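Presented below is the structure to which this report refers.
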Amino acid sequence: MKQGISVLMDGELHEDEAEVLLGEIRRDGDAHGDWAVYHLIGDVLRQPEHIHRDLGAGVQARMKDEPTVLAPRSRAVTQKVRTVALSAAASVVAVGVVAWMSLQIAPEAAPQLAMQDASMRPVKMAIHPKSNDYLMAHQEFSPAADMTGGTAYIRTVAYSLNEKP
Amino acid sequence: MRVSIVILSLLIWASPALAKTPVSIDWLKTMAFASHQTDYTGVFVYQYANHVETSRITHIAEADSEYEKLESLDGSRREIIRHHGQVWCFVNHKIVPAGTRPGRNAFPALLPEQLSILGENYELRDAGTDRVAGHNAQAILFQPKDNLRYAHKIWVHVDSGLLLKAAVLDEKARVVEQYAFTQLQIGREVDRAALKSQLVGLQPSGPANQSVNINSGWVIDAMPAGFRKVTEIQRSMRRQHAPVIQIVFTDGLSAVSLFIEPNDKDEDDIEGLSTRGAINLYQKLVGDKLITAVGEVPPRALIQVLDSARYNGK
C-alpha cells in the first residue's frame with residue numbers, strides 16, 4: 001500500500017490504478033495518514049522555509065511528561081512551571097548551539113549536553129519541624145560549628161522550632 | 001565566523017578553569033580560633049529561599065569553657081544556649097536539653113588532619129576584600145571538586161578573624177542560604193553577667209541523651225569521595241522510644257548524618273526529600289528500618305548515600 005501511495009504521488013500510476021488506490025486510501029485510515037505524511041515530507045523537502053513546526057512547544061510538552069525524580073508539593077507549582085519553561089528554552093538554545101558546534105569542534109559538544117540535567121531543578125518541600133531533632137543531632141557533629149561557631153545552629157533553630165511538635 | 005568567535009569566547013569565559021589565587025589556610029586557623037576565643041555579640045540576618053530572619057548571638061570565652069546564646073529576634077522566642085559542650089533549647093516557654101557536642105575540647109580548633117581533608121575536597125581561593133557590617137573583610141571561596149557538595153563563600157573580619165558573612169552556593173553559583181552580621185561588637189563590652197545568669201539552674205542533658213560507640217554493621221557503598229566516617233553511635237533521641245543509630249561522615253566542611261531506627265511510622269509520615277536552606281533531609285524505608293539522611297550537601301548527594309546504604313552485619 002505504501003509503495004502504491006509513493007508511486008501515485010510520483011505520478012507514475014495509470015489513471016485506473018490511481019482510481020482504485022485513491023478509493024482504498026479514502027476507506028483506510030492508516031493509508032490516509034500515510035498519504036498526509038508523505039505529502040508533508042514532500043512539502044518540507046521542496047519548500048522548507050514554509051514549514052513552521054513549533055519545536056519549543058514540543059520539547060516543552062515532552063519535558064512535562066518526564067518523570068520528576070522528587071515529588072513536588074503544591075506550594076511550588078508556579079515555580080515548577082517556570083523552571084520547566086526555562087529549562088525547555090535553555091534546552092532548545094543549547095541543542096541548537098551544540099548541533100551547530102558539533103560541526104565545528106565535535107569533542108567540546110558533549111559536556112554542553114550533559115550540563116542540561118542540572119537546569120531541571122527538583123522542587124522540594126520544607127523540612128518538617130518534627131524532624132528538628134535530627135537536625136539538632138546532626139549539628140552536634142557537623143564541622144561547620146568548629147569553624148564558624150554558634151551561628152551554624154541557626155539552621156536548626158530557624159523558623160519552625162516554635163511550632164508545636 | 002564571527003558568531004563562532006562569540007560563542008567560543010562565551011564558553012571560555014564561562015569555564016571554571018580560570019586562574020584563581022589560592023588562599024592561605026592560616027585564615028581558617030585564625031577564624032576557628034577567633035570564633036571560640038573571642039567575646040562578641042552581634043545581630044545577624046539569615047536568609048534562604050524567601051525566608052529572612054534576624055537573630056542575636058552572644059559569645060563569651062572563659063579559661064576553661066565557652067558560653068553562647070543564639071536568640072531569635074523575629075517571631076516567637078527561640079533560643080539555643082551552649083555551655084561547656086552542653087546544648088539547651090528554649091522553646092515553647094521552657095528550656096530543654098538538646099544534646100551535646102561530645103568528644104570536644106573546651107576550645108575545639110581545626111586540627112591539621114581536618115585542614116588537609118578540606119584541601120582534598122575543596123579548592124580554596126582568595127575572593128578579594130570586602131566590607132561587611134562596616135568592617136573590613138577577607139573573602140574566601142571553597143570551591144568543591146565535584147557536584148556532590150556545595151560551594152561555600154565566607155567573609156572573615158580582617159582584625160579579629162571572626163566570621164562576618166557566609167554564603168552557601170550551588171553548582172551554578174546561586175545562593176542556597178546566607179547569613180551576615182548587620183552589627184557586631186567585639187571585646188569587653190559584652191554583657192557577661194546577663195548571659196551567665198541564664199545558665200543558673202540548667203541541668204546537664206543527663207542520661208536521656210547518652211550515647212555509646214558501636215559498630216552497627218551498616219555500610220554505605222556509594223559514599224561520595226572525600227567523606228570519612230567520624231562517628232558511629234547508638235543514642236537516644238527525644239521523640240523516639242527505641243535507640244537510634246547515628247553515623248556521621250564529613251569532608252572537612254560539610255557533614256552527612258544517617259539515622260537508622262526501627263520503623264514505627266505510617267507510610268504517609270515518611271518525609272522523602274525536604275530542605276531548609278543548605279540543610280537537606282531525605283528519609284525512606286530500607287527493609288524494616290527507617291533511615292534518615294541529613295546534611296549540608298545537595299539532595300543528589302544525600303540520595304546517593306541513602307540509596308547505597310545496606311546492612312552488612314550478622
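Chain letters run A, B, ... following the sequence lines, proteins first, then strands; residues in each count from 1. If you're wondering where the values come from, they're calculated on a predicted model, not measured in any experiment.
- Heavy-atom distances place the side chain of T292(B), and not its backbone, under 4.5 Å from chain A.
- In this structure, OG in S257(B) is found 7.5 Å from CZ in F141(A), a value given to the nearest 0.5 Å.
- Side-chain contact between E140(A) and T231(B): absent, with no pair of heavy atoms (C-beta onward) separated by less than 4.5 Å.
- Minimum heavy-atom separation, M125(A) to L273(B): CG-O, 3.7 Å.
- Heavy atoms only, all atoms of each residue included: A137(A) and M237(B) are closest at CB-CE, 4.3 Å.
- Residues R276(B) and N132(A) meet the side-chain proximity criterion, which asks for heavy atoms closer than 4.5 Å.
- Both the backbone and the side chain of E296(B) come within contact range of chain A, judged by heavy atoms closer than 4.5 Å.
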Take D133(A) and F259(B) through the side chain to side chain contact (heavy atoms under 4.5 Å, CB included) test and state the conclusion after the steps. CA-CA 11 Å; D133(A) 289 353; F259(B) 298 92; over 6 Å; no
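- Neither the backbone nor the side chain of L164(B) has a heavy atom closer than 4.5 Å to any heavy atom of chain A.
- When the candidates V244(B), V156(B), V294(B), V248(B) are compared by the number of heavy-atom contacts under 4.5 Å with chain A, V294(B) comes out ahead.
- Heavy atoms of V52(B) lying under 4.5 Å from chain A are absent altogether.
- Checked against H138(A) for a side chain to side chain contact (heavy atoms under 4.5 Å, CB included), the options L258(B), I279(B), L281(B) give a single hit: I279(B).
- For E261(B), the part lying near chain A is the side chain, with the backbone staying farther off; criterion is any non-hydrogen pair under 4.5 Å.
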